[in-house]
Amino acid sequence: MSKLLDEALSHQVAQSIKSKAKKPFENAYKAAVATEGSKYVQGFLVFSGQPYKPVEHGWIELGDVIIDPTFPYLQKNHKDLWYFPAQSLTVKKLKAIIDESKEDYPEDDPLPIYGKAPYEYYGDVMLGDHEYLVAYQAAEVKCREINGLENGKN
């Protein structure tokens, strides 16, 4: 059973961290740090309509629910969103990776966090390992299903 988005909590967290449109990874990072017991998650988001393909996305998970601090900007019904996790990190591990990335590559944005080597591209820029491939393929199937792409509709 996949986890469900908590719309009210997503709005609440988005407001508390002052989330920004088109910054899902940054929003998820801030939300993870601000939400005790949460995990930072990167993966793919699927919804009907354009761009008719999985979208790289970040969110947090708290117990059995998804909290998406970018949700207020998506302009979609929460029931029409499907999340496909590829990588999940504790806040402690997340902070360690961000600190190391800033030290090693100060000119680069540390988010999104790449999966384990060897890397492959999934979507436009996300790099990842086998877990990314599995998540991306599952997201592609759902995207085709909800958009009727196998029937030639789009």
Side-chain angles (χ1 to χ4, degrees), residues 1-95 97-98 109-116 120-154:
M1 181 178 129
S2 64
K3 297 179 181 185
L4 298 176
L5 176 70
D6 186 318
E7 182 179 9
L9 204 46
S10 294
H11 279 286
Q12 181 182 346
V13 169
Q15 186 174 19
S16 72
I17 65 161
K18 297 177 175 58
S19 70
K20 298 175 184 164
K22 300 183 183 181
K23 296 283 186 182
F25 303 108
E26 180 182 314
N27 293 339
Y29 171 76
K30 289 178 181 177
V33 171
T35 308
E36 188 174 333
S38 68
K39 288 192 173 190
Y40 170 89
V41 183
Q42 288 181 175
F44 301 94
L45 177 62
V46 171
F47 47 84
S48 62
Q50 292 185 348
Y52 302 109
K53 63 182 180 178
V55 175
E56 297 158 328
H57 200 67
W59 61 92
I60 65 171
E61 293 180 355
L62 185 61
D64 291 359
V65 298
I66 292 170
I67 300 169
D68 186 348
T70 310
F71 174 70
Y73 304 102
L74 297 177
Q75 300 178 337
K76 301 281 183 190
N77 184 309
H78 72 281
K79 294 176 184 174
D80 297 329
L81 299 172
W82 291 269
Y83 293 81
F84 295 86
Q87 180 177 10
S88 177
L89 300 167
T90 64
V91 172
K92 183 178 178 180
K93 179 75 172 168
L94 174 64
K95 286 181 174 180
I97 291 170
I98 295 295
D109 188 347
L111 295 168
I113 295 169
Y114 299 142
K116 297 174 228 141
E120 301 230 13
Y121 283 97
Y122 302 102
D124 295 328
V125 293
M126 189 175 284
L127 294 164
D129 56 5
H130 182 71
E131 286 80 17
Y132 282 84
L133 175 61
V134 171
Y136 188 74
Q137 287 174 336
E140 278 186 314
V141 168
K142 185 65 174 180
C143 194
R144 284 193 301 271
E145 173 192 320
I146 64 173
N147 285 299
L149 297 179
E150 292 177 329
N151 299 331
K153 299 181 214 167
N154 59 336

Do Q137 and V141 have side-chain heavy atoms sitting under 4.5 Å apart?
-> no
Side chain to side chain, H11 and Q15, heavy atoms closer than 4.5 Å | no
When rounded to the nearest 0.5 angstrom, what distance separates [atom1] in [X] from [atom2] in [Y]?
X	Y	atom1	atom2	value
E145	S48	CD	OG	11.5 Å
Q42	L111	CD	CG	7.0 Å
F44	E56	CZ	CD	5.5 Å
K93	S88	NZ	OG	12.5 Å
I113	Q87	CD1	CD	6.0 Å
F71	L45	CZ	CG	10.5 Å

For residues [X] and [Y], report the shortest heavy-atom separation together with the two atoms involved.
X	Y	result
P54	C143	N-SG, 4.2 Å
F84	A139	CD1-CB, 3.6 Å
I60	S38	CD1-CB, 3.9 Å
I146	W82	CD1-CZ3, 3.4 Å
V13	A31	CG1-CB, 3.5 Å
A32	Y40	CB-CB, 4.1 Å

With a sphere of 6.0 Å drawn around [atom1] of [X], does it hold more than 12 non-hydrogen atoms of other residues, nucleotides or ligands?
X	atom1	value
K20	NZ	no
D64	CG	no
K23	NZ	no
K39	NZ	no

Distance only, no hydrogens: is a donor on one side chain within 3.5 Å (strictly under) of an acceptor on the other, for D68 and Y83?
-> yes
What's the verdict on side chain to side chain contact (heavy atoms under 4.5 Å, CB included) for I66 and E61, showing C-alpha distance, side-chain angles and the deciding distance?
-> CA-CA 5 Å; I66 292 170; E61 293 180 355; 4.2 Å; yes
Say whether, by atom type as modelled, one donor and one acceptor occur between the side chain of Y73 and the main chain of S19 under 3.5 angstrom.
-> yes
Would you confirm whether K3, through its side chain, and L62, through its main-chain N or O, come within 3.5 Å as a donor-acceptor pair?
->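 A pair under 3.5 Å: no.
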Show your working on side chain to side chain contact (heavy atoms under 4.5 Å, CB included) between V41 and W59 and close with a plain yes or no.
-> CA-CA 5 Å; V41 183; W59 61 92; 3.4 Å; yes
